[in-house]
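What follows is a short report on a single structure.
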Amino acid sequence: MDADQELASFIGGAFRSVWALELLCDLRRHGGAPRSPEQLVESLRASDLVVRTSLAELMAAGLVSVDRDGQASYAPASGDLDRLAAAAEVKYSKSPDAVRRIIVRAASPGLTAFSDAFRLGGDK
């Protein structure tokens with residue numbers, strides 16, 4: 001698998017929503033310093049539910065840790081995850097629409113296949 005395919009696979013598998021990616025980027029910007037859910041809600045201008053759901057997804061993906069007090073930190077489980085998270089953040093900053101499409105495609109493959117059936121030949 002080439003690097004672009006590996007990155008797309010990582011993005012599609014690790015992030016169920018753009019909110020989760022935004023949350024990861026926020027935690028990475030703070031260099032591993034613990035952040036409370038309230039700080040994340042304020043920073044992202046998201047709801048408490050969105051932040052908590054995204055944190056749970058990122059924990060399951062091995063990208064963040066949450067301590068007993070609910071403080072979240074960027075804490076990739078491996079060097080490969082750290083490398084892929086950094087690459088995802090760069091790709092998102094340069095091509096946000098492409099990254100959003102990867103996430104949406106992975107989250108709802110049936111809907112994507114349905115919508116693709118209505119594309120004109122040159123739109124792919």
Side-chain angles (χ1 to χ4, degrees):
M1 178 181 320
D2 74 3
D4 288 339
Q5 289 174 323
E6 181 185 30
L7 181 58
S9 178
F10 169 74
I11 291 169
F15 306 107
R16 299 287 63 158
S17 70
V18 175
W19 285 111
L21 178 55
E22 289 279 350
L23 180 62
L24 180 78
C25 292
D26 185 82
L27 291 172
R28 283 180 47 81
R29 276 192 295 276
H30 286 87
R35 311 253 299 146
S36 71
E38 295 79 18
Q39 288 172 310
L40 294 167
V41 164
E42 183 178 324
S43 178
L44 296 174
R45 296 186 175 139
S47 71
D48 185 62
L49 177 63
V50 165
V51 167
R52 291 187 187 279
T53 300
S54 296
L55 282 174
E57 292 167 2
L58 294 173
M59 284 177 52
L63 293 166
V64 302
S65 65
V66 177
D67 67 18
R68 281 185 249 139
D69 297 327
Q71 301 276 317
S73 302
Y74 175 67
S78 70
D80 279 343
L81 286 175
D82 186 38
R83 175 182 57 79
L84 288 165
E89 185 174 10
V90 168
K91 179 146 181 102
Y92 185 54
S93 71
K94 292 181 178 179
S95 304
D97 288 337
V99 173
R100 286 184 194 110
R101 283 191 298 274
I102 293 168
I103 292 170
V104 169
R105 230 180 270 126
S108 54
L111 181 59
T112 303
F114 178 75
S115 68
D116 285 348
F118 292 95
R119 286 186 175 212
L120 298 176
D123 289 349
K124 294 182 182 181

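- Between Val18 and Tyr92 there is a side-chain heavy-atom pair separated by less than 4.5 Å.
- Salt-bridge formation is not detected for the pair Asp97/Arg101: no Lys NZ or Arg NE/NH1/NH2 atom is positioned less than 4.0 Å from an Asp or Glu carboxylate oxygen.
- Across all non-hydrogen atoms, the minimal contact from Leu81 to Phe10 is CD2-CE1, 3.8 Å.
- Between the side chain of Gln5 and the backbone N or O of Asp2 there is at least one donor-acceptor pair closer than 3.5 Å.
- In this structure, Ser54 contributes its side chain and Val50 its backbone to a donor-acceptor pair below 3.5 Å.
- With rounding to the nearest 0.5 Å, the separation of OG in Ser17 from CZ in Arg100 is 12.0 Å.
- A distance of 3.5 Å separates CZ of Arg35 from NE2 of His30, quoted to the nearest 0.5 Å.
- At least one donor-acceptor pair closer than 3.5 Å links the side chain of Asp67 to the backbone N or O of Asp69.
- Pairing each heavy atom of Lys91 with each of Leu7, the nearest pair is CD-CD2, 3.7 Å.
- Looking at Gln39, its side chain does come within 3.5 Å of a backbone N or O of Ser36 through a donor-acceptor pair.
- Between Arg83 and Glu6 there is a salt bridge, since a side-chain N of the basic residue sits under 4.0 Å from a carboxylate O of the acidic one.
- Across Leu23 and Val51, no two heavy atoms sit closer than the pair CD2-O, 3.9 Å.
- In this structure, the side chains of Arg52 and Ser47 stay at 4.5 Å or more apart for every pair of heavy atoms.
- Expressed to the nearest 0.5 Å, how far CZ of Arg105 lies from CD1 of Ile11 amounts to 11.0 Å.
- With respect to Asp82 and Arg28, a salt bridge is recorded, a charged nitrogen being found less than 4.0 Å from a carboxylate O.
- Between Phe15 and Val99, every side-chain heavy-atom pair lies at or beyond the 4.5 Å cut-off.
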(request) Take Val66 and Gln71 through the side chain to side chain contact (heavy atoms under 4.5 Å, CB included) test and state the conclusion after the steps. (result) CA-CA 5 Å; Val66 177; Gln71 301 276 317; over 6 Å; no
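- What you find for Ser43 and Asp26 is that their closest heavy atoms are OG-OD1, 2.6 Å.
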(request) For the pair Leu27 and Leu63, evaluate side chain to side chain contact (heavy atoms under 4.5 Å, CB included) and give the outcome as yes or no after the intermediate values. (result) CA-CA 10 Å; Leu27 291 172; Leu63 293 166; over 6 Å; no
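- Taking both residues in full, the closest heavy atoms of Val41 and Asp48 are given as CG2-CA, 3.7 Å, listed atom of the first, atom of the second, then distance.
- Atom CD of Glu89 is separated from atom NZ of Lys94 by 12.0 Å, given to the nearest 0.5 angstrom.
- Across Ala8 and Ile102, no two heavy atoms sit closer than the pair O-CG2, 3.5 Å.
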